[in-house]
Amino acid sequence: MKISHIEHLGIAVPSIEEALPYYENVLGLKCYNIETVEDQKVRTAFLKVGDTKIELLEPTSPESTIAKFLENKGPGVHHIAYAVSDGVANALAECEEKGIRLIDKAPRNGAEGLSIAFLHPKSTQGVLTELCED
Ligand code: ZN
């Protein structure tokens with residue numbers, strides 16, 4: 001696969017409203033989009049850092065995987081997303097061939113309408129990894 005850059009870092013927070021003042025007023029980043037991804041039961045806020053983004057993830061339901069993450073580990077870095085320039089489907093096929101455990105067998109729609117897929121942290125040196133359309 002061809003990774004062009006880190007598309008975003010996903011950070012789990014209990015509340016986007018409470019987290020944003022740190023990112024905006026201390027780090028001086030600008031939130032340019034907030035959207036809810038219904039099927040993942042999360043609200044996301046995006047801030048740009050050069051070519052990379054910070055994706056704040058807030059659970060919208062106690063069944064959200066983000067709610068479970070916050071319960072177990074508290075707020076913090078949740079996943080890293082790499083932009084792949086030769087297609088998420090290709091990258092997934094390559095990962096599967098190399099014995100990587102996939103969370104998503106096929107690409108699906110993530111925030112910002114991009115095609116995404118997750119790899120299981122048990123196969124990725126402990127880091128939940130997202131592959132993202134470049
Ligand atoms: Zn993400």
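Just follow the structure's listing: the first ligand is 1, and inside any ligand the first atom is 1.
Side-chain contact between L119 and L131 is present, with at least one heavy-atom pair separated by less than 4.5 Å. Residues I103 and L128 form a side-chain contact, since some pair of their non-hydrogen atoms from C-beta on lies under 4.5 Å apart.
At a cut-off of 2.8 Å, E130 is counted among the residues with an N, O or S atom near the Zn ion (ligand 1). Among the atoms of H8, an N, O or S atom falls under 2.8 Å of the Zn ion (ligand 1). Among the atoms of C132, none of the N, O or S atoms falls under 2.8 Å from the Zn ion (ligand 1).
Within E55, OE1 is the N, O or S atom that lies nearest to the Zn ion (ligand 1).
Here the shortest heavy-atom pairing between A19 and L56 reads CB-CD1, 4.2 Å.
Between H8 and F46, the ring planes lie perpendicular to each other; the angle is over 60°, past the 30° to 60° tilted range.
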